[in-house]
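The figures that follow rest on heavy atoms only: side chains count, while hydrogens, waters and symmetry mates do not. So that the names make sense, note that chain A is the first sequence line, chain B the second, and so on, each numbered from 1.
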Amino acid sequence: MFDIRLLDVPFDPHAAADRLAAATPDAGGITSFVGKVRAGGDVKALELSHYEPLTLPGMRDLAETARLRFNLMGLVILHRTGRLEPGDPIVCVSAASRHRRDGIAAADFCMDHLKSAAWFWKRELRGGTWHWIEPRAVDHADLARWSEKNSPV
Amino acid sequence: MFDIRLLDVPFDPHAAADRLAAATPDAGGITSFVGKVRAGGDVKALELSHYEPLTLPGMRDLAETARLRFNLMGLVILHRTGRLEPGDPIVCVSAASRHRRDGIAAADFCMDHLKSAAWFWKRELRGGTWHWIEPRAVDHADLARWSEKNSPV
Amino acid sequence: MAVTIHFLGPLRDLAGMDRCDVEAPLDWAGLLDAVAAPVAEQLRNERVNVACAGRVLSDKTALHAQDGDEVALLPPVSGG
Amino acid sequence: MAVTIHFLGPLRDLAGMDRCDVEAPLDWAGLLDAVAAPVAEQLRNERVNVACAGRVLSDKTALHAQDGDEVALLPPVSGG
């Protein structure tokens, strides 16, 4: 099961992981990463924009690359667009694998690519003003790991 | 929130991740690994034994080591004992972190240690007979990564 | 028909619009002329990409948009 | 009071019991004598650990269990 989606309304990451688990009964483990809008700070809302002709096709290519690179039985990638409130899930990556390290590495790999090589632009509402979020240098360094000779997997 | 437990009855890993998320509103992400008894194969049941004076204290030491090594806002480690049926969760590690890579690395780290450095013994019921499960060499190699100079984190 | 230019992320604010239509065909020089000066300046930054007809150009200065094509101006991303 | 020996994991099957009580004090030679031959053979394997009073011994041959102590025989683990 490979389920790659853009969503413009709030979603339940557990339901996604459950569907994946149900579809992969012989998986030994499910690794999930859920990124969410931090709550309790001064960010009142987040807005994610994307570019229809590139964003979802790019996520599908990423899933296919992960499928070829890791030993996966299934992969879910869900990513929000639009306006999000504090506490809302932004992204969920769930990987089902026979052995745990494939799933953990695949979630790590997908998140690094979604952070700095997927077609999303994020801005946050702070102090009554929208601020575009610049990519962090560390995100680019994280991504570069996967093309190094000494890559994580 | 650090919640480290041995459980002798089935548990819901989502509920654990939800409690963690509720306790860490300013975390940017929750990484979870759920290991379960494979279904659909010839394993009819799994039995996990432990040694009371060592197992839970060892898990608490592991959580403390992870807390010191990674930048975590919370960590849940739940591990079953007793008899488990196909599909049942065996172990759940959930890590809340400000930045995703700390949580992913912490889940990876904790799972490697639970696999080959925690006081559990596992046997499975196959063809009407119980078989003790030997640790896999790859699990020891996975564990050794964390003490290498070139460790994952 | 024409070429539609899409301004993504912060370039939308810089352009003051989501998109605009310009006459076809459109090449790199035409694109720099068609957009406001601050957007043109951003376009010269190597971290800003250009897509045409659903494909990111490996060399944006080789842009050759035809009637009906969408041209997207893609600043550095920040997803996840 | 006595020393209780706990047999964990596959050693339980090999011993044919969960635990047994032996006279205190108990040292390494006494332990090897107290258990069945196949268990004693396993104990000599460096991958089999021994705990006394809730602590895993770094040198199991230095075992010195006193009255009331639990001694646990710990074969290689397989958790997660």
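Rounding to the nearest 0.5 Å places CD1 of B/Ile104 at 9.0 Å from CG of A/Asp142.
Counting only residues at least two apart or on different chains, the side-chain hydrogen bond (donor to acceptor under 3.5 Å, both in side chains) pairs with a member in residues 26-38 of chain A are A/Ser32-A/Ser94.
For the pair B/Val138/A/Arg101, no side-chain contact is recorded, criterion being any heavy-atom separation below 4.5 Å from C-beta on. Within the 4.5 Å cutoff, the side chain of A/Asp139 has heavy atoms near those of the B/Arg100 side chain.
Ranked by non-hydrogen atom pairs under 4.5 Å with chain B, the options A/Gly29, A/Ala95, A/Gly28 are led by A/Gly28. Between chain B and the options A/Gly40, A/Ala39, A/Gly35, the largest number of non-hydrogen pairs under 4.5 Å is found for A/Ala39. When the candidates A/Thr24, A/Ile30, A/Ile90 are compared by the number of heavy-atom contacts under 4.5 Å with chain B, A/Ile30 comes out ahead.
Other residues, nucleotides and ligands contribute only 12 or fewer heavy atoms inside 6.0 Å of the CD atom of B/Glu52.
The part of B/Ala17 that comes within reach of chain A is its side chain, from C-beta onward, which places non-hydrogen atoms under 4.5 angstrom from that chain.
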